[in-house]
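Here's the structure, in structure tokens; my notes come after.
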Amino acid sequence: MTPWMVLTVLVAAINLTFFTALRGRWDRRLLILGLASLLGTTIGNAIGARTGLELVRIGDFHLLSACLAAQLAMLATDLLAQLGPSRPPPDRRARGGRDEGRTDR
């Protein structure tokens with residue numbers, strides 16, 4: 001395993017921890033946020049290498065652009081998840097057949 005892979009996973013995990021702490025909760029979306037963090041870290045490092053953004057570097061790893069892209073990817077994932085449909089409350093689920101409660105008979 002090459003050092004940049006280890007550094008990418010480590011930076012993604014730190015960003016995920018920071019994002020979860022700022023959000024104040026962790027729920028079933030944690031795995032999806034972890035994947036978004038990993039993808040954002042990889043893309044941010046590539047963008048930093050292409051643009052030459054060298055504010056904070058560890059060897060060939062562009063730390064600042066990787067962290068920024070990871071946070072943006074997790075924020076976009078969280079916002080898109082908030083737009084999705086939510087589960088109905090447990091007491092409003094239909095308990096009977098599809099005609100239960102009809103009064104037009």
Side-chain angles (χ1 to χ4, degrees):
M1 191 176 228
T2 60
W4 68 268
M5 286 181 176
V6 174
L7 194 55
T8 300
V9 171
L10 183 65
V11 168
I14 290 171
N15 278 306
L16 177 64
T17 304
F18 183 69
F19 185 80
T20 305
L22 275 178
R23 223 175 77 179
R25 68 179 196 277
W26 58 293
D27 50 4
R28 64 177 184 253
R29 288 185 289 222
L30 193 65
L31 180 63
I32 295 171
L33 287 174
L35 292 174
S37 176
L38 190 61
L39 185 66
T41 302
T42 305
I43 290 173
N45 183 35
I47 289 173
R50 302 279 167 130
T51 61
L53 182 65
E54 297 182 3
L55 294 175
V56 179
R57 274 183 43 186
I58 300 175
D60 288 335
F61 191 80
H62 299 271
L63 186 64
L64 184 65
S65 59
C67 288
L68 182 63
Q71 292 294 325
L72 288 175
M74 287 186 292
L75 181 65
T77 302
D78 192 39
L79 290 176
L80 285 174
Q82 293 293 329
L83 291 176
S86 62
R87 291 185 177 174
D91 57 350
R92 291 190 172 218
R93 290 184 182 167
R95 291 186 182 96
R98 67 179 194 165
D99 290 340
E100 182 181 337
R102 290 184 68 182
T103 58
D104 60 345
R105 292 186 207 186

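Just so you know, residue 1 is the first one in the sequence shown, and it goes up from there. Just the heavy atoms: all of them, side chains too, but no hydrogens, waters or symmetry mates, feed the values below.
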> Can you list the residues that meet the side chain to side chain donor-acceptor pair (under 3.5 Å) rule with D60, with sequence neighbours excluded?
Replying inline: none
>> Applying side chain to side chain contact (heavy atoms under 4.5 Å, CB included), can you list everything that pairs with N15, at least two apart in sequence or on another chain?
In response: V11, S37, T41, C67, A70, Q71, M74
>> Heavy-atom count check: over 12 atoms from other residues, nucleotides or ligands less than 6.0 Å from F18 CZ?
In response: no
> Under the salt bridge (Lys or Arg N to Asp or Glu O under 4.0 Å) rule, what pairs show up with a residue in residues 61-71, not counting sequence neighbours?
Replying inline: none
> In Å, rounded to the nearest 0.5 Å, how long is the span from CZ of R28 to CG of L33?
Replying inline: 12.0 Å
> How close do G44 and A69 get, heavy atom to heavy atom, and via which atoms?
Replying inline: CA-CB, 3.4 Å
> Between atom CG of L7 and atom CG of L63, what is the distance when rounded to the nearest 0.5 Å?
Replying inline: 7.0 Å
>> Could you measure the distance from the CG atom of L38 to the CD1 atom of I43? Nearest 0.5 Å is fine.
In response: 10.0 Å
>> Checking side chain to side chain contact (heavy atoms under 4.5 Å, CB included) between T77 and each of I32, L35, L39, which is the one that passes?
In response: I32
>> Restricting to side chain to side chain contact (heavy atoms under 4.5 Å, CB included), what partner residues turn up for L75, sequence neighbours left out?
In response: F19, L79
> How far does CG of L30 sit from CZ of R23, to the nearest 0.5 angstrom?
Replying inline: 8.0 Å
> Can you list the residues that meet the side chain to side chain contact (heavy atoms under 4.5 Å, CB included) rule with L72, with sequence neighbours excluded?
Replying inline: L68
>> Listing request: all salt bridge (Lys or Arg N to Asp or Glu O under 4.0 Å) pairs with a residue in residues 33-42, at least two apart in sequence or in separate chains.
In response: none
> Transitively linked via ILVMFWY side-chain contacts under 4.5 Å: L55 with F61?
Replying inline: yes
>> Within this structure, what is the OG1-CG distance for the pair T17 and L22, rounded to the nearest 0.5 Å?
In response: 11.0 Å
> If every non-hydrogen atom of A73 is compared with every non-hydrogen atom of G40, which pair is closest and at what distance?
Replying inline: CB-CA, 4.0 Å
